[in-house]
J.: 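The following block contains the structure, expressed as structure tokens.
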Amino acid sequence: EERKLKFDFSAYSRDLAAFFVAADSPITKITESADIAGIKLIVASGTVAEKIVLDWDAQNKAAGLKPVELQYFDDPAAAANPALGGKFSSLARSTAEGLPVPPGFGITTFAYRDFMAAAGLEEEARRVRATAAELPPELIARETKSLISAIRTAPLPPAIESAVREAYGRLCARTGSAAVPVAVRSSGESEDLAGASFAGQYETFLWVTGADQVLDFMRRCWAGMYGD
């Protein structure tokens, strides 16, 4: 079967996504969602199109351009961003439709992956996932304990920490509260599928106040992926 490389630019800035629309590159297939930031490019392996996409991605990484690490509910591109999961998408759509949704923001899976890479935990996470899949439920907690502890304690990349602190500060300013209480919830990319559902298996934390607590409970949500 011919391998395909899939590039979903919905999590990049809308300017970058628009650049690809105007570039007129020989992409083999383009599917476009309602929002410009939802553009998805699918290119066949070994083609000129593949080289164009990979070169473009490398150039932007070298220039410091990367997928956004958080988005607000009222960002026009938010609902179409698959890196924010189903719960966030529902809240973003409800906000766009004018329903009374409290203000909020989501931390993308790009932020999680950046953290795991910076902390040197990617290989351990792969090992734990592979091993835990073969274990009986009563032994999973023992296998995942050290990884969960590392996720809870490893230093955060400064860019992620400052972005979350700034976003929480904006929520406080919008609500007129110096330490607005928030719910910190997991929003899985693959939480609700046609053939499987994981509802209730990820973490939710209520009445979290202050940027320090938000960062702590963000980590707990990340670590919750490896909980029993």
Side-chain angles (χ1 to χ4, degrees), residues 6-13 16 37 57-58 60-73 75 77-78 81-89 91-92 104-133 140-141 143-172 182-191 198 201-206 208-228:
K6 297 184 179 181
F7 296 85
D8 188 331
F9 288 93
S10 59
Y12 282 78
S13 74
L16 296 182
D57 190 49
N60 283 298
K61 284 179 179 177
L65 299 175
K66 62 186 298 182
V68 295
E69 291 179 326
L70 63 82
Q71 279 186 303
Y72 295 88
F73 290 166
D75 185 325
N81 189 345
L84 284 160
K87 289 190 185 75
F88 181 94
S89 180
L91 291 167
F105 63 92
I107 300 159
T108 70
T109 53
F110 292 111
Y112 162 76
R113 291 172 182 135
D114 284 350
F115 163 72
M116 294 294 280
L121 296 175
E122 291 177 304
E123 185 57 40
E124 175 64 4
R126 282 191 287 268
R127 186 197 67 77
V128 165
R129 283 196 299 268
T131 303
I140 291 177
E143 185 65 35
T144 61
K145 182 178 179 180
S146 62
L147 177 59
I148 289 173
S149 176
I151 293 172
R152 293 281 308 277
T153 59
L156 282 172
I160 295 175
E161 180 172 348
S162 62
V164 173
R165 288 186 181 279
E166 179 183 352
Y168 179 75
R170 288 186 182 183
L171 282 189
C172 292
V182 298
V184 181
R185 306 190 65 189
S186 301
S187 180
E189 288 179 305
S190 57
E191 190 167 352
F198 310 97
Q201 294 188 26
Y202 295 131
E203 302 287 2
T204 291
F205 303 97
L206 305 177
V208 177
T209 58
D212 288 344
Q213 280 201 15
V214 169
L215 288 164
D216 178 39
F217 285 100
M218 173 190 75
R219 289 172 177 269
R220 295 191 191 200
C221 284
W222 287 346
M225 271 200 303
Y226 304 97
D228 57 350

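Residue numbers count from 1 along this sequence.
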J.: Would you call Trp222 and Ile107 a side-chain contact if the rule is heavy atoms closer than 4.5 Å?
T.: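 A side-chain contact exists here, since the closest heavy-atom pair is under 4.5 Å.
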J.: Would you call Phe115 and Arg219 a side-chain contact if the rule is heavy atoms closer than 4.5 Å?
T.: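 Of all side-chain heavy-atom pairs linking Arg219 with Phe115, at least one is under 4.5 Å.
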J.: With sequence neighbours left out, write down each residue that passes side-chain contact (heavy atoms from CB on, under 4.5 Å) with Cys172, or none if nothing qualifies.
T.: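 side-chain contact (heavy atoms from CB on, under 4.5 Å) list for Cys172, sorted by chain: Tyr168, Val180.
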J.: Determine which pairs satisfy side-chain hydrogen bond (donor to acceptor under 3.5 Å, both in side chains) with at least one residue from residues 123-133, sequence neighbours left out, and list them in order.
T.: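 Qualifying pairs, neighbours excluded: Glu123-Arg126, Glu124-Arg127, Arg127-Glu143, Arg129-Tyr226.
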J.: Could you list the donor-acceptor pairs under 3.5 angstrom formed by side chains in residues 149-161, with sequence neighbours left out?
T.:
unit_1, atom_1, unit_2, atom_2, d
Thr153, OG1, Ser149, O, 2.8
Glu161, OE2, Arg165, NE, 3.0
Glu161, OE2, Arg165, NH2, 3.1

J.: Hey, what do you get for CZ (Phe73) to CZ (Phe88), rounding to the nearest 0.5 Å?
T.: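 If we round to the nearest 0.5 Å, Phe73:CZ and Phe88:CZ are 5.5 Å apart.
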J.: How close do Val164 and Leu70 get, counting heavy atoms only, and between which atoms?
T.: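 The answer is N-CD2, 4.0 Å.
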J.: Rounded to the nearest 0.5 Å, what separates atom CZ in Phe217 from atom CD in Glu203?
T.: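 Separation between the atoms: 10.0 Å.
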J.: How far apart are the closest heavy atoms of Val208 and Val214, and which atoms are they?
T.: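 Residues Val208 and Val214, closest heavy atoms: CG1-N, 3.7 Å.
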J.: Side-chain contact test, heavy atoms from C-beta onward, threshold under 4.5 Å: evaluate it for Arg170 versus Tyr72 and give yes or no.
T.: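 Arg170 vs Tyr72: side chains touch.
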J.: Any side-chain heavy atom of Met225 within less than 4.5 Å of one from Tyr112?
T.: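 Heavy-atom side-chain distance check passes, below 4.5 Å.
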